[in-house]
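Everything numeric in this text was worked out from a predicted model, so none of it was measured. Ligands are counted one by one from 1 in listed order, and the atoms in each one are counted from 1 as well.
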Amino acid sequence: MKFQPHHKESLVSLDEAVVFLKANQPVAIPTETVYGLAAPISSEEGLKAIFEIKARPFFDPLIVHIDQYDDVFSLTSFWPQEAGLLARHFWPGPLTLVVEKSSAVSNLISSGLSTVGLRMPLHPMMRTLISRCGPLAAPSANKFGKTSPTQAQHIIEEYQGLLPVVDGGPCSVGIESTIVKIESSHRITLLRSGMISQEEISQVLLEHQIPFQWQNISEKYNTEISPGRMKHHYMPRVPLVIYDPQRETKQPRISEFSHDLLKEFYLQCRAQIPDSVEGVSLVKPENIKEVHELLLPSSPALAARQLYSLLRETPPSADLILCNGLQIPKTSSWEPIWDRLKKAATLVWS
Ligand code: AMP
Ligand code: MG
């Protein structure tokens with residue numbers, strides 16, 4: 001069976017999704033973090049198609065999703081004690097563990113790295129698909145650099161009905177998983193923040209008296225260690241400008257957040273904004289007719305759940321999104337939201 005594109009309507013059942021996945025056709029699938037675009041790890045044709053559909057560069061590795069703990073042993077060449085402990089504590093859930101891969105993981109998945117990112121998702125539909133098709137490699141289902149989808153409708157709109165989508169409802173977490181790399185000699189590195197925090201991870205390791213040391217990623221090795229760590233990511237349809245004045249600033253100060261002043265700031269900076277950064281193109285409207293203010297809920301869990309939907313729900317008439325950073329706390333539970341906002345932003349007034 002081959003997927004027949006429908007204009008604006010491309011929902012498929014779990015049974016149909018299994019048939020497409022087994023026939024090497026990627027399917028957009030729900031997880032609790034964001035919607036992914038999946039293919040079985042053994043399907044070279046399906047994996048290649050994921051990169052083509054997303055316009056994702058081959059240097060950006062895919063996460064492998066499993067539904068049985070024992071799969072880690074066939075997918076890795078070394079499964080550190082720390083990884084076992086964190087997996088048993090946080091899986092199924094929004095934590096990806098990067099460890100040394102086995103030959104069962106192709107270079108297409110790992111982008112030629114010696115490691116693989118593994119996660120056991122919680123979403124029951126995704127679990128059913130994995131149990132019927134085997135481990136699934138799946139990046140987020142958005143086009144490269146764009147906002148991740150958190151509802152089936154986001155994918156139908158983005159791909160105009162050309163991609164089969166399993167509708168699993170709105171994602172409960174709403175932002176991508178926390179990614180932690182675990183090496184031998186107790187070195188661990190936070191590659192991407194997420195709703196499972198660095199403190200929670202430390203606490204689990206401490207409770208079990210496992211020695212560990214967090215490694216810092218220097219700017220220089222940023223993309224070598226984890227190629228998907230781009231400066232711009234999650235970008236909405238129109239530029240996002242964040243007002244986040246720091247105490248020690250060299251920028252001209254504005255006394256308070258104002259739509260007009262931020263619009264002026266964007267227009268003044270516009271000429272200096274590059275057309276693209278690391279392969280992600282930046283949208284730069286010349287005239288701003290309407291601005292839209294991004295307003296986030298006051299709890300971090302709700303803000304994460306709604307962030308991408310709110311960015312996508314920018315009114316079609318608006319050509320600039322503004323965010324008042326002073327309204328968003330600088331505490332550790334808001335860190336992953338700040339991370340996504342800063343990467344989605346074209347400009348930050350800091
Ligand atoms: P996505 O699934 O689109 O949210 O992105 C997956 C991200 O996980 C990539 O962009 C990388 O930053 C990271 N990742 C996946 N596998 C690895 C790996 N083997 N080593 C380092 N980072 C990885
Ligand atoms: Mg992504």
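- Checked by distance only, ligand 1 and Lys54 stay at 3.5 Å or farther apart across all their nitrogen or oxygen atoms.
- Comparing Leu113, Val99, Asp60 by heavy-atom distance to atom 10 (O) of ligand 1, the nearest is Asp60.
- Checked against the 6.0 Å centroid threshold, Phe257 and His259 count as a close aromatic pair.
- Note: an N/O pair closer than 3.5 Å links Arg56 and ligand 1 by distance alone.
- Counting heavy atoms closer than 4.0 Å to ligand 1, residue Thr96 contributes nothing at all.
- Taking a cutoff of 4.0 Å between a charged side-chain nitrogen and a carboxylate oxygen, Glu176 and Arg119 do not qualify as a salt bridge.
- Figure legend: Arg340 and Tyr308 shown without cation-pi pairing, the cationic atom not lying both under 6.0 angstrom from the six-membered ring centre and within 45 degrees of its axis.
- When only modelled atom types and interatomic distance are considered, Ser177 and Thr33 share no side-chain donor-acceptor pair under 3.5 Å.
- Residue contacts with ligand 1 do not include Lys101, since none of its heavy atoms lies under 4.0 Å from the ligand.
- The residue Lys181 has no part lying near ligand 1, judged by heavy-atom distances below 4.0 Å.
- Close approach of ligand 1 to Thr115 (heavy-atom distance below 4.0 Å) involves ligand atoms 18 (C), 19 (N), 20 (N).
- Counting atoms of ligand 1 from 1 in the listed order, those under 4.0 Å from a heavy atom of Val116 are 19 (N).
- Residue Leu191 approaches ligand 1 through these ligand atoms, each under 4.0 Å from one of its heavy atoms: 21 (C), 22 (N).
- Counting only protein atoms, the N, O or S atoms lying less than 2.8 Å from the Mg ion (ligand 2) are Ser140 OG, ordered by chain and residue number.
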